[in-house]
Amino acid sequence: MQETHDPSAYNPSAVEAAAQKFWSDTHAFEVSEDASRAKYYCLSMLPYPSGALHMGHVRNYTIGDVISRFQRMQGSNVLQPMAWDAFGLPAENAAIKRGIPPAKWTRENITHMRGQLKAMGFAIDWSREFATCDPDYYVHEQRMFVRLFKQGLVYRKMSVVNWDPVDQTVLANEQVVDGRGWRSGAVVEKREIPQWFLKITAYADELLDGLDKLPGWPEAVKVMQRNWLGRSEGLEIRFDVEDGGAIEVFTTRPDTLMGATCLAIAAEHPLAQEAARNNPALQAFIDECRKGGVSEAELETKEKRGIETGLYALHPVTGERVPIWIANFVLMNYGTGALMAVPAHDQRDWEFATKYDLPIKMVVVSDAVRDAIRELGRDAAENTDAMSAALGQSKAIDVVEPRPAEDVLPEFENSIITEGPFLEHGTLVNSGEYDGMDYRQAFDALAARFEREGRGKRQVNWRLRDWGVSRQRYWGCPIPIIHCPKCGAVPVPEDQLPVRLPEDVAFSGVQSPLKTDPEWRKTTCPECGGAAMRETDTFDTFMESSWYYARYCSPGAATQIDARANYWLPVDQYIGGIEHAILHLLYFRFYHKLLRDAGLVHSDEPATNLLCQGMVVAETFYRDSGLGARDSEEQQREWINPADVDIQRDEKGRVVGAILKADGLPVQIGATEKMSKSKNNGVDPQLMIDKFGADTVRLFSMFASPPDQSLEWNEAGVEGMSRFLKRFWRDVTSHVAKPDHPEFDPAAQDATQKTLRRQLHETIVKVGDDIGRRRNFNTAIAALMELLNALAKFDDMSDNGRALRHEVLETMVLLLNPFTPHASHALWQALGHEQALIEDVPWPKADPAALVRHSVTLAVQVNGKLRGTLEAGRDATREQLESAARALPGVVAAVGDKSVLKVVVVPGRIVNIVVG
RNA sequence: GCCGAAGUGGCGGAAUCGGUAGACGCAGCGGACUCAAAAUCCGCCGCCCUUAAAAGCGUGAGAGUUCGAGUCUCUCCUUCGGCACCA
């Protein structure tokens with residue numbers, strides 16, 4: 001390589017190795033509690049050790065590192081830790097595929113990926129590292145579970161899972177593809193098995209209210225969590241069943257009760273089971289409902305189907321007979337597993353009623369319809385137009401002929417809705433004594449009535465369900481429970497924890513070794529001493545990732561966490577993928593409240609600021625592989641890695657095609673998608689580090705897009721970053737090679753020097769604001785590039801000019817440090833500093849005198865269109881600005897002989913002349 | 001199906017509080033240097049019409065609010081993330 005011939009050229013691998021060695025030798029990132037300094041806890045979501053670092057990791061941890069190093073330069077005591085989310089399904093899959101035990105596979109991956117993270121130069125305190133599969137870690141999780149068990153926050157109940165009837169195993173939702181098991185291809189069934197649950201619903205109110213105390217979290221995440229929690233106020237109402245028994249329904253719209261034309265119950269509802277006993281058609285329908293997976297996406301996109309049971313309930317107000325149906329869209333685990341269908345006022349009920357020809361009865365109307373009805377009551381014939389208009393608004397039928405109100409009204413009330421339901425709140429009609437009431441009045445009146453009659457009550461329902469933590473898998477934390485035939489489920493006593501997961505197992509099949517090994521589970525009951533069996537299920541891996549952030553703060557503690565945690569917590573900045581917006585971040589918040597209620601932490605929320613990064617995407621390329629036409633589109637394509645493709649362009653630079661480097665023949669260009677194995681569009685960070693150096697990779701991943709948007713990997717763009725760094729390196733090294741110069745003298749500066757120095761100090765302000773407040777790293781880097789471009793045009797070799805160049809370069813080394821810490825470390829030394837940059841060199845401060853501007857450029861518009869610009873003093877009056885604007889040639893031409901109607905003057909920004 | 005987000009030049013993106021649309025980078029084009037290439041440096045670069053200038057058009061589509069809309073409101077389209085056992 002040419003660089004090696006020029007000693008002043010930038011050599012990233014040598015620069016980075018030297019900087020990393022220095023940081024490691026000086027333990028630069030190992031921190032401890034120090035009450036005299038402001039703490040800053042910067043946390044990135046811990047990686048799953050899948051084998052190798054991917055670009056998503058690079059992006060995530062670079063964001064965290066930029067913020068960490070920036071905060072350190074602000075004088076904070078910064079903690080940035082790292083660990084491994086080591087339990088999980090992929091290790092089992094790898095074990096099946098390659099015959100390696102999950103523990104071995106996982107630990108080898110960790111070793112490899114740790115080396116890759118170190119090569120990126122992240123300012124991580126490695127002394128706090130752990131893996132969640134370490135018994136030293138999960139023992140605390142087991143203890144916590146036992147404590148919660150004793151507090152009644154843990155319970156066991158039957159719960160539905162995906163069952164593969166061929167492999168005889170439980171499948172994760174991910175392993176169900178189009179309703180079939182991914183390995184066996186068998187149609188998946190729903191099966192109920194006993195599982196352990198954590199009572200997260202006991203904290204539902206607090207999880208909801210807490211969102212209002214998190215101004216540093218993205219609004220989108222808070223909205224998603226709010227909707228997920230799904231608090232709704234309604235009425236629980238009992239419908240008596242004609243031949244005995246009763247069905248409880250929950251509704252948020254009791255005002256539509258008179259419009260209920262059917263009850264729908266879940267297939268798993270006891271009444272459905274009962275009705276099917278002597279009815280083969282019902283049983284067949286229920287069996288049909290058992291087919292397919294349990295994921296909500298699958299259930300909700302299924303065709304809405306139902307079957308009449310032949311049973312009738314009695315309407316709680318009118319006493320009318322209401323048919324009872326079994327419907328596949330009623331969820332047994334939400335509300336009561338039964339609902340009243342009001343087709344006129346609910347989208348799904350409307351579709352169901354239309355499909356099965358059930359009556360649709362309108363009982364709520366809009367204000368416009370209400371007014372029309374009132375008008376009609378006075379004089380029907382003359383108000384048909386108003387009626388039509390109102391009916392149109394409520395999507396109801398047309399009224400053709402003027403007719404008396406007494407004819408029109410009943411028809412209107414019963415016939416509504418050829419297009420769809422009326423979903424808004426309104427005024428009740430066709431509801432007997434409740435006619436004329438609004439939503440709130442009807443709600444209160446019916447609630448009072450049912451509470452008096454003992455037929456119903458006000459009820460707050462949540463969409464949130466308790467957290468099912470049982471997994472029928474091997475590679476996870478064992479659930480510390482012993483099943484005794486006499487004493488039932490008994491928690492493992494403290495002194496017998498941890499229940500260790502055996503790691504030296506033969507893992508060849510789909511079954512968990514814990515379940516197939518007849519010896520492992522044998523134990524004695526802690527209560528009666530009799531023979532008993534261990535629980536063979538393991539925890540959901542979200543259990544481990546729900547409290548790791550707290551463990552970092554108490555390395556080596558004998559308890560789960562100790563007092564040191566309250567120095568660091570809450571996390572000041574949490575960073576991770578937007579895909580974790582709901583589940584992980586909700587469990588994370590929940591577990592923090594559990595730790596708080598155990599007296600271990602003092603805060604209510606685990607993290608004050610949250611940044612959700614977007615995905616890393618890349619172009620895809622493929623060839624049709626010519627398999628059979630019956631195969632799906634995906635299977636017919638052979639995906640080609642972007643590294644193996646050359647792009648072809650026309651003379652304007654537009655992409656016209658792509659060819660495979662190997663054979664020179666064309667390939668198809670696909671969509672730009674998330675990097676994945678299946679689309680073969682992943683770019684290996686290691687190759688990029690080897691080719692360009694970690695600083696360039698860091699710089700590009702921060703420059704290509706703002707952190708919350710998706711990032712498109714593009715190697716030509718990486719080369720651009722490499723050019724910038726090389727240029728900067730050369731500028732600094734050639735500057736320091738020249739003779740010394742005196743201090744910069746502001747009193748002696750000329751106009752060009754003043755302009756450059758103002759840009760320098762504006763850049764200090766902007767970069768600090770972009771990193772510290774806006775978290776827009778791309779624009780911070782753009783501003784630094786602009787400054788370097790300006791410096792390239794500055795060829796002043798006078799003493800003052802050289803002194804200013806020194807100030808610019810030295811400041812840029814510091815401003816770039818969060819992004820390119822290795823190069824900055826080396827260049828700081830090159831600039832002659834004894835002290836290493838990491839040894840708490842502070843962030844530069846802008847000089848207010850350098851920032852002063854004496855004039856501003858204003859845009860001048862005529863009727864909102866730009867017709868010129870105006871250079872004006874900061875203190876110019878509105879009148880001065882207006883007359884100067886009106887004198888501009890472009891303005892004179894645009895105004896012509898039209899009359900000026902209005903002039904809008906916004907000092908410092910714009911003059912807009914409105915003519916007519 | 002439900003919840004959330006995003007759509008701006010050939011491409012990634014900028015425009016921070018409703019005030020000059022396209023900063024910065026990539027790609028492309030032209031030039032300098034070189035025996036030549038690479039690297040580097042300089043210049044041009046939204047579309048349309050044009051010798052040029054000027055005008056006109058332009059932020060997914062359609063409407064609205066405003067002196068002024070990429071930005072606010074409504075409707076729609078497309079793409080992406082999540083949907084409780086992938087992590």
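Throughout, a chain's letter reflects where its sequence line sits, starting with A, and its residues are numbered from 1.
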- Whole Å only: how far is the CG atom of Asp770(A) from the C1' atom of rG13(B)? 14 Å

- Message: When the C1' atoms of rG22(B) and rU59(B) are compared, how many Å lie between them, rounded to an integer?
- Response: 9 Å

- Rounding to the closest angstrom, what is the interatomic distance between rC47(B) and rG10(B) at atom P? 6 Å

- Message: Consider ring-ring contact (aromatic ring centres under 6.0 Å, His included). Of Trp547(A), Tyr548(A), Tyr574(A), which one does Phe588(A) pass it with?
- Response: Tyr574(A)

- Minimum-distance nucleotide to Ala704(A) side chain [options: rG12(B), rG1(B), rC67(B)]: rG12(B)

- Message: Side chains of Thr672(A) and Glu619(A): any donor to acceptor distance under 3.5 Å?
- Response: no

- When rounded to whole Å, the CG to P distance for the pair Asn863(A) and rG68(B) reads 8 Å

- Query: Taking atom P in both rA21(B) and rU78(B), what distance in whole Å separates the two?
  - Reply: 32 Å

- If we take the P atom in both rG46(B) and rC35(B), what is their distance in whole Å? 36 Å

- Task: Please check if any side-chain donor atom of Glu871(A) sits under 3.5 Å from a side-chain acceptor atom of Ser855(A), or the reverse.
- Result: yes

- Task: Mind telling me if rG9(B) is syn or anti? Syn here is a glycosidic angle within 90° of 0.
- Result: syn

- Message: Rounded to whole Å, please give me the gap between CG in Asn11(A) and P in rA39(B).
- Response: 19 Å

- Any strand, both distances under 3.5 Å, Watson-Crick or G-U wobble: rC74(B) pairs with rG62(B)

- Hunt down the Watson-Crick or G-U wobble partner of rC35(B), both distances under 3.5 Å, from any strand shown, or write none. none

- Note on the structure: 5' to 3', nucleotides 20-33 of chain B under a 4.0 Å protein heavy-atom cut-off (B base, S sugar-phosphate only, - none) gives B--BBSSSSS----

- Message: Is it true that Thr169(A) and Asp164(A) share a donor-acceptor pair across their side chains at a distance under 3.5 Å?
- Response: no

- Message: What is the separation between atom CZ on Arg730(A) and atom P on rU40(B), rounded to the nearest whole Å?
- Response: 8 Å

- Query: Partner of rG4(B) by Watson-Crick or G-U wobble geometry, both contacts under 3.5 Å, or none?
  - Reply: rC80(B)

- Distance, P atom - from rC76(B) to rC86(B), rounded to whole angstrom: 33 Å

- Message: For His57(A) and Tyr61(A), take the angle between the two ring planes, folded into 0 to 90°, and tell me which bin it lands in: parallel under 30, tilted 30 to 60, perpendicular over 60.
- Response: parallel

- Item | Base rC67(B) paired with Asn912(A) side chain (donor-acceptor, <3.5 Å) | yes

- Task: Could you give the distance separating rG28(B) and rA38(B) at their P atoms, to the nearest angstrom?
- Result: 12 Å

- Message: Among residues at least two apart in sequence or on other chains, which ones pass side chain to side chain contact (heavy atoms under 4.5 Å, CB included) with Arg156(A)?
- Response: Pro194(A), Trp196(A), His483(A), Glu535(A)

- Query: How would you label the glycosidic angle of rC17(B): syn (within 90° of 0) or anti?
  - Reply: syn

- Query: According to the Watson-Crick and G-U wobble definitions, with both distances under 3.5 Å, which nucleotide is paired to rG9(B)?
  - Reply: none

- Comparing Val914(A) with Pro706(A), nearest RNA chain B nucleotide closer to 5' gives the residue Pro706(A)

- Query: Taking the side chain of Glu300(A) as heavy atoms from C-beta outward, which of rA14(B), rC3(B), rG1(B) is closest to it?
  - Reply: rG1(B)

- Task: Rounded to the nearest angstrom, tell me the gap between atom CZ in Phe700(A) and atom P in rG13(B).
- Result: 10 Å

- Plane angle bin for Phe700(A) and Trp713(A) - parallel if under 30°, tilted between 30 and 60°, otherwise perpendicular: perpendicular

- Query: Contact class for Val906(A) vs. all strands (heavy atom < 4.0 Å): base, sugar-phosphate, or nothing?
  - Reply: base

- Note on the structure: Result for ring-ring contact (aromatic ring centres under 6.0 Å, His included) between Trp467(A) and one of Phe542(A), Tyr203(A), Tyr587(A) points to Tyr587(A)

- Item | Check: Ser705(A)/Arg59(A) side-chain N/O donor and acceptor closer than 3.5 Å | yes

- Item | Sub-4.5 Å side-chain heavy-atom contact between Lys679(A) and Lys674(A) | no

- Could you check whether Lys865(A) gets within reach of a base, just the sugar-phosphate, or nothing at all, counting any heavy atom under 4.0 Å? sugar-phosphate

- Item | nucleotides 79-87 of chain B: protein proximity per nucleotide (B base, S sugar-phosphate only, - neither; heavy atom, under 4.0 Å) | -SBSBBBBB

- Task: In whole angstrom, give the distance that lies between atom CD1 of Ile669(A) and atom C1' of rC11(B).
- Result: 12 Å

- Query: rA27(B) and rU20(B): how far apart are their P atoms, nearest whole angstrom?
  - Reply: 30 Å

- Query: Quick one: Leu788(A) CG to rC41(B) P, roughly how many Å, whole number?
  - Reply: 10 Å

- May I ask you to establish whether Lys302(A) and Phe329(A) are in a cation-pi arrangement, using a distance under 6.0 Å from NZ or CZ to the six-membered ring centre and at most 45° from the ring axis? no

- When the C1' atoms of rU16(B) and rC11(B) are considered, how many whole Å apart are they? 25 Å

- Task: Could you tell me which nucleotide pairs with rG56(B) by Watson-Crick or G-U wobble geometry, both distances under 3.5 Å, or answer none if nothing does?
- Result: rC47(B)

- Item | Modelled atom types, side-chain donor and acceptor of Asp770(A) and Thr779(A), under 3.5 Å | yes

- Item | For atom CG of Leu423(A) and atom P of rC2(B), their distance in whole Å | 11 Å

- What is the nucleic acid contact for Lys222(A), judged by heavy atoms within less than 4.0 Å: base, sugar-phosphate only, or nothing? nothing

